[in-house]
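Just so it is clear, the values below take in all heavy atoms, side chains as well, and ignore hydrogens, waters and symmetry mates. Remember, predicted model here, so these are calculated numbers, not experimental data.
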Amino acid sequence: MGLRLACALALVCVVPHVALAEEPSPQQKIALTAKPSVVRVWGAYIADFEFEGQKFQEAIGGTGTGFFITADGFVATNAHVVSDIYGGDDRAKKELTDTAQREIYTQYRDVLTRMTDAQLERVMAGLHLVKLDRRAYIVLENGDRLDYEIKQTG
C-alpha cells in the first residue's frame, strides 16, 4: 500500500500538467452574458385529496425557462408553462378533481363498473379535496424565489 502511494505521488510531482483554458467562443460569451437574465418559471397546482381514508396527491402544471425582458422585472416564458396558473383556482380544482376521479376509477375499475350511476356518484362523493397549493414563482440564478403575476398571455 505504501509503495503504491509513493508511486502516485512521484507521478504527480514528476509529470505536472498545466491546463490552459481556451478563449470562450462568441456563442459562449453571449451565453455567459445572458445567463443572469434566465430564470426557472414554476406554474403548478398540487392538491391533497382524501378518499376512503387514504391520502394522495395530484398535480397539474409544470416548469420551464423564462428570461427578463425589462429592467423592472417583466419575464417572458412560453404560455404552456403558466397556462394552469392562468386558469385560476376554480379551474385547477376541477381539473385536479377530474384527474383524481379517473385515477380512482382506474384503480377500482372492476368494482366500479358493476355499479349503477347513482352508486358510482355516491362513491365519488367520498373524494375530498383537503388542500390546494398554488406554485407560481420564478427561481433566480442565485436560488432566490419570487412570486409572479401573469400580466399577459397569448
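In this structure, Q119 and T116 approach most closely via the heavy-atom pair OE1-N, 2.8 Å. When all heavy atoms are compared, the tightest approach of A79 to G154 is CB-O, 3.5 Å. The two residues A59 and I46 have their closest heavy-atom pair at CB-CG1, 4.1 Å. Residues V81 and G64 come closest through the heavy atom pair CG1-N, 3.7 Å. Considering all non-hydrogen atoms of both residues, G62 and A44 come closest at N-CB, 3.9 Å.
Distance check, rounded to the nearest 0.5 Å: CZ of R109 to CZ of R114 gives 13.0 Å. The OH atom of Y105 sits 15.0 Å away from atom CD of E103, with the distance rounded to the nearest 0.5 Å. How far CG of L96 is from OH of Y45: 9.0 Å, rounded to the nearest 0.5 Å. R134 CZ to D147 CG: the interatomic distance, rounded to the nearest 0.5 Å, is 8.5 Å. How far CD1 of I85 is from OG1 of T153: 12.0 Å, rounded to the nearest 0.5 Å.
Ring geometry, F49 versus F56: the interplanar angle falls under 30°, so the pair is classed parallel (tilted spans 30 to 60°).
Under a hydrophobic-cluster definition in which Ile, Leu, Val, Met, Phe, Trp and Tyr are linked whenever side-chain heavy atoms come within less than 4.5 Å, directly or via other members, L127 and M115 are assigned to the same cluster. Hydrophobic cluster membership is shared by V111 and F51, with clusters built from Ile, Leu, Val, Met, Phe, Trp and Tyr side chains linked at under 4.5 angstrom. Criterion: ILVMFWY side-chain heavy atoms under 4.5 Å apart, direct or through other members. Under it, I138 and F67 are not part of a common hydrophobic cluster. A single hydrophobic cluster is seen to contain both L146 and Y148, as judged by linkage of ILVMFWY side chains at heavy-atom distances under 4.5 Å, directly or through other members. Grouping the Ile, Leu, Val, Met, Phe, Trp and Tyr side chains by contacts below 4.5 angstrom, directly or via other members, places L140 apart from I69.
Between the side chain of T65 and the backbone N or O of R40, no donor-acceptor pair lies under 3.5 Å.
The existence of a salt bridge linking D89 and R91 is excluded, since no basic side-chain nitrogen approaches an acidic carboxylate oxygen closer than 4.0 Å. K93 has no carboxylate O lying under 4.0 Å from a charged side-chain N of E95, or vice versa, which leaves the two without a salt bridge.
Within the structure, the side-chain hydrogen bond (donor to acceptor under 3.5 Å, both in side chains) test picks out no pair touching residues 75-84 (sequence neighbours left out).
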Inset, instruction - Would you check, one step at a time, whether the test salt bridge (Lys or Arg N to Asp or Glu O under 4.0 Å) holds for K131 with D133? - result: CA-CA 7 Å; K131 180 182 170 191; D133 184 20; 5.4 Å; no

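For D144, the CG atom is densely surrounded, since the number of other residues' heavy atoms within 6.0 Å is greater than 12.
Q101 is listed as a side-chain neighbour of D98, based on a closest heavy-atom distance under 4.5 Å. Put simply, the side chain of V39 does not reach to within 4.5 Å of the side chain of V139, judged on heavy atoms. Between M124 and R122 the shortest side-chain heavy-atom distance does not fall below 4.5 Å. K55 places none of its side-chain heavy atoms less than 4.5 Å from the side chain of D48. Inter-residue side-chain proximity for E52 and I104 is flagged as unmet; no heavy-atom pair is nearer than 4.5 Å. No side-chain heavy atom of V41 sits under 4.5 Å from any side-chain heavy atom of T63.
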